[in-house]
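See below for the structure under consideration.
Atoms considered below: every heavy atom in the structure, side chains included; atoms not considered: hydrogens, waters and symmetry mates.
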Amino acid sequence: MFPEYDVIVVGAGHAGCEAAHAAARMGSKVLLATMNMNTIAQMSCNPAMGGVAKGQIVREIDALGGMSGIISDKSMIQFRMLNKSKGPAMWSPRTQNDRMRFAEEWRLTLEGTPNVDFWQEMVTGIVVENNKAIGITTGMGIKIKAKAVVLTNGTFLNGIIHIGEKQFGGGRTGEHAAKGITEQLISLGFEAGRMKTGTPPRVDGRSLDYSKMEEQQGDEFPEKFSFSSSTQPLAQQKSCFITYTNNDVHETLQTGFDKSPMFNGRIQGVGPRYCPSIEDKINRFAERDRHQIFVEPEGWNTVEIYVNGFSTSLPEDVQYKALRQIAGFENAKMFRPGYAIEYDYFPPTQLSLTLETKLIENLYFAGQINGTTGYEEAACQGLIAGINAHNKVTEAEPFILKRSEAYIGVLIDDLINKGTKEPYRMFTSRAEFRILLRQDNADIRLTEKGHQLGLASDERLENMLNKKKDVARLINDLQQKRVEPEDANENLTSLNSAPIKQRIPVLGLVKRPELGINHLKDLNDDLKTYLEKYHQHVLEQAEILIKYDNYIDKEKQLADKMEQLEDKKIRKDFDYESIKALSSEAKEKLKTIKPQTIGQASRISGVSPADVSVLMVYLSK
C-alpha cells in the first residue's frame, strides 16, 4: 500500500510542517503523518508569530529557505517591530495573524510541494531494527517504512487537559492524546518527563466595549518577515487592544484556587516560567493590583478574540465571572474556557546537535517533545531536523549552526548541552553574540547556507548579494562624501545636534546617537537624491554598521576566539575516565552528552574551565 519513504514526519504542527517541507524541497520522498489533516499548522495558542528573540528566529528560518516567515506574512493582520527604543540587537519583528489563513497557507504550501505525501492516523510507535529507526506503526497496525523518522508530537504525547477539577485526555481541545510512543521510547532506554502549558479563554469580540481599552495599532510603516519578494507589507492593519485586571478580578480568581489543578497537586508537569497563568501571576505577585491583558483578534473576518495574559486552568464558572470584571469585558460572552495541558517530553540532552537521538540512529526529535515552548522555537527545530534527516539518508554532511551564526544555533546548543527542566523559551539574553545576530542581517548570515542546501532560491541569493554590495557601497560613499558647515548647521541645530566647525565626512554625522541616516536627506538635495536610490533596509543596515562598528568588531573577535574551540574535535569514543584530573561531575556529564568539540564541552553545565583546560592538554597530545 505504501512505498518506502526517505523521511517520515510524525505530527503536522509548526515543527512538522517545516521538517516535511525542508526534507521534500531537498529531494527526499516525505510522508507527513498527522491525526487530523484539518488541523495542520494549527496555532494552538495565540494567533501571532515572532516577538522578542522569536522574531529573529523567524527571519533566520526564512533566510535558510524555510516557510514560517512567508506563511506569517501572507496571513498577518498587524505588524510591529518591538523594542525600537532600544539598540538594534533588541529589535524584534512580530505579526498578529489570521489563525485560519495561517493554517490554510501552510496546508496549501505542503500540498503544493512535490515529494510530500499525507496520512491521517495516530502513530503509535516507531519500527526499530538494530538500533535504527526504519519506519512507523499506526493505530490500525499499518507499518510504513522509511530511512529516517522525525517526531514532532507537540503536546499530544499522553496529553491531559485540566479545567478546574475536570481532567480528560487530549492533545488539544477537541482532539485525542497520542498513546504508545512514550512507552516504547522508555522501553528503548529513553528518559522522559512531564511539562505543562496553558491557554486562555476565547471570547466574542462583539460583546466587548473597546472604548474602555487602550488601542494598540500596528507600525505606521509596517515591514514583513520574509526577505523574499513573494510577500508584501500590509496596506491595512487590524488593531489590538490593552486592558487590565483589577483587585475584584483577583479576588474572584482566588475563590477558585482550592479547585485549581495547579495548586492542589493534580498537575505534576513544570509550566513555562515566562508565560505564567493568571492564577500563578496573582499568587506570585500578590503586591500588584493589576496585570496587563492583550485583546487580540483571531483574524480579519472572525469575531473570536484571544485574551492574551489570561491563561488559566481554573473552573470555567470562575473564569467567566472574573473575565466580566475586567474593564471592557463587562458583557463578555465566552466561546470556550482556558485550560492547562500536561504532556510528555524527552530531555534534549539525549540528542546530538543534528537533533538525531543518540540511542536510536535515524530518529530525530523536534519541537515541544524536546522541552521547548513557542511556535518559532518548534519551527526552527523542525527545519534543522528535516534538513539533517535528508542529509543522513543521502549521506551528506550534517548541518549544524554555531552559536555565533544564529539564534537557532544558540537554541539547539542550549538544549543539547544544558538540557531543560522547564519549557524553554528563547530570549535575546541567551545569545552572547546578539549584536551579530540581529533580525536585519539574518539574510546576510544564512541565505548562502540555505542556497547550498537547496532550500533558498537563486533569486534569494542574488538579492542578498546585491543588498550586501549596496550596504558596502553606501558606507564607502558616506565616508568619501563631505559636508560643509553652511550646508548642515541649520538643520543640525533644529535636530538638537551640535553644529560642525569644518568640512567633515558625512559618515561622521551618522555616528552621532541623535541622528539617523534618513536625517541626511535634509542636509542638501544632492544627498537626498543619492540616498533615495537605496531601499530602506539597506539604509537601516548601513546605519547600524556605522553606529555600532566598534561593538560589532569586538563581538566578531570574541566569536573568532570561540571558533578556535569549536575547531578542536573530540572523538566519539574518547575515554574520559582515563583522565584523572577531570572532576567526577565533568566525567559524568561528558560521557552522557558526548560533545563533538571542546567548545561544546565548555558549555555543558558542570564542566568547569579547569576541566576544559585539562581536556585541551590531553587532546593536544
Side-chain angles (χ1 to χ4, degrees), residues 56 60 63-64 89 348-349 351-356 358 380 384 387-388 391 396-419 426 428-438 441-442 444-450 452-453 468 545 548-576 578-583 585-621:
Q56 282 87 328
E60 290 175 354
L64 285 167
T349 51
L351 307 176
S352 70
L353 289 168
T354 61
L355 299 181
E356 184 180 19
K358 294 171 184 173
C380 73
I384 299 302
I387 290 169
N388 280 309
N391 282 355
E397 286 294 310
F399 181 72
I400 296 169
L401 289 170
K402 298 168 186 167
R403 295 181 74 90
S404 57
E405 291 177 320
Y407 272 90
I408 299 172
V410 174
L411 182 146
I412 293 174
D413 190 78
D414 276 355
L415 292 176
I416 274 59
N417 294 316
K418 299 175 184 175
M426 179 51 72
T428 51
S429 58
R430 295 191 190 273
E432 58 269 50
F433 304 117
R434 56 185 172 273
I435 299 176
L436 301 181
L437 308 182
R438 306 183 311 277
N441 71 354
I444 303 290
R445 290 185 277 120
L446 298 174
T447 301
E448 196 163 355
K449 292 179 183 291
Q452 290 167 354
L453 289 166
K468 201 172 176 179
L545 293 177
Y548 297 90
D549 60 337
N550 290 333
Y551 296 100
I552 291 169
D553 285 344
K554 284 178 183 177
E555 261 197 16
K556 281 180 179 174
Q557 290 171 22
L558 182 58
D560 290 341
K561 286 181 182 177
M562 292 298 296
E563 193 78 17
Q564 293 172 15
L565 295 180
E566 301 300 333
D567 290 338
K568 297 185 185 299
K569 306 292 184 185
I570 304 175
R571 298 192 318 272
K572 276 186 179 180
D573 59 351
F574 191 86
D575 183 10
Y576 296 104
S578 66
I579 307 178
K580 293 180 180 178
L582 282 177
S583 68
E585 184 180 5
K587 288 178 185 177
E588 182 186 334
K589 295 288 180 67
L590 290 165
K591 284 190 296 182
T592 300
I593 294 173
K594 296 178 181 174
Q596 297 173 4
T597 67
I598 286 286
Q600 187 185 349
S602 71
R603 295 187 294 276
I604 297 172
S605 177
V607 177
S608 70
D611 293 318
V612 173
S613 297
V614 170
L615 268 179
M616 290 183 71
V617 169
Y618 271 77
L619 285 174
S620 67
K621 293 178 180 178

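- Between I408 and L64, the closest side-chain pair of non-hydrogen atoms falls below 4.5 Å.
- With sequence neighbours left out, F433 forms a ring-ring contact (aromatic ring centres under 6.0 Å, His included) with no residue at all.
- Residues that satisfy the side-chain hydrogen bond (donor to acceptor under 3.5 Å, both in side chains) test with T592, not counting sequence neighbours, are absent from this structure.
- Contact annotation: the side chain of L545 never approaches that of D549 to less than 4.5 Å [non-hydrogen atoms, C-beta and beyond].
- E555 places a side-chain N or O within donor-acceptor distance of the main-chain N or O of I435, the cut-off being under 3.5 Å.
- Counting non-hydrogen atoms of neighbouring residues, nucleotides and ligands closer than 6.0 angstrom, the CD atom of E448 reaches no more than 12 such neighbours.
- With sequence neighbours left out, K594 forms a salt bridge (charged side-chain N to carboxylate O under 4.0 Å, His left out) with no residue at all.
- In this structure, T349 has no side-chain hydrogen bond (donor to acceptor under 3.5 Å, both in side chains) partners at least two apart in sequence or on a different chain.
- With sequence neighbours excluded, the residues that form a salt bridge (charged side-chain N to carboxylate O under 4.0 Å, His left out) with K402 are E563.
- By the side-chain hydrogen bond (donor to acceptor under 3.5 Å, both in side chains) test, Q596 pairs with no residue at all, sequence neighbours left out.
- A 4.5 Å side-chain heavy-atom check between S352 and I416 finds every atom pair outside the cut-off.
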Set out, in order, the CA-CA distance, both residues' side-chain angles and the distance that settles side-chain contact (heavy atoms from CB on, under 4.5 Å) for L436 and I552, then state yes or no.
CA-CA 6 Å; L436 301 181; I552 291 169; 3.9 Å; yes
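- A396 pairs by the side chain to side chain contact (heavy atoms under 4.5 Å, CB included) definition with N391, T394, not counting sequence neighbours.
- The closest side-chain heavy-atom distance from M616 to L565 is below 4.5 Å.
- Judged purely by atom type and a 3.5 angstrom limit, D414 has no side-chain atom pairing as donor or acceptor with the backbone of G419.
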Begin with the C-alpha distance, continue with both residues' side-chain angles, and end with the deciding distance and a verdict on side-chain contact (heavy atoms from CB on, under 4.5 Å) for C380 and L411.
CA-CA 9 Å; C380 73; L411 182 146; 4.2 Å; yes
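- Under the salt bridge (charged side-chain N to carboxylate O under 4.0 Å, His left out) criterion, D553 pairs with no residue, sequence neighbours left out.
- Scanning for salt bridge (charged side-chain N to carboxylate O under 4.0 Å, His left out) contacts around K358 gives an empty result, with sequence neighbours left out.
- Side-chain atoms of S578 come within 3.5 Å of backbone N or O of D575 as a donor-acceptor pair.
- No side-chain heavy atom of E356 sits less than 4.5 Å from a side-chain heavy atom of L351.
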What verdict does the side-chain contact (heavy atoms from CB on, under 4.5 Å) test give for I387 and T354, after you've listed the backbone C-alpha separation in whole Å, the side-chain angles of each residue and the deciding distance to 0.1 Å?
CA-CA 9 Å; I387 290 169; T354 61; over 6 Å; no
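- The list of side chain to side chain donor-acceptor pair (under 3.5 Å) pairs with a residue in residues 564-574, not counting sequence neighbours, reads E566-T597, E566-R603, R571-D573.
- Residues passing the side-chain hydrogen bond (donor to acceptor under 3.5 Å, both in side chains) test with K449 are E405, sequence neighbours excluded.
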Any chance you could lay out the side-chain contact (heavy atoms from CB on, under 4.5 Å) test for I384 and L401, step after step, and finish with the verdict?
CA-CA 9 Å; I384 299 302; L401 289 170; 4.2 Å; yes
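- A431 pairs by the side chain to side chain contact (heavy atoms under 4.5 Å, CB included) definition with Y407, V410, R434, L437, not counting sequence neighbours.
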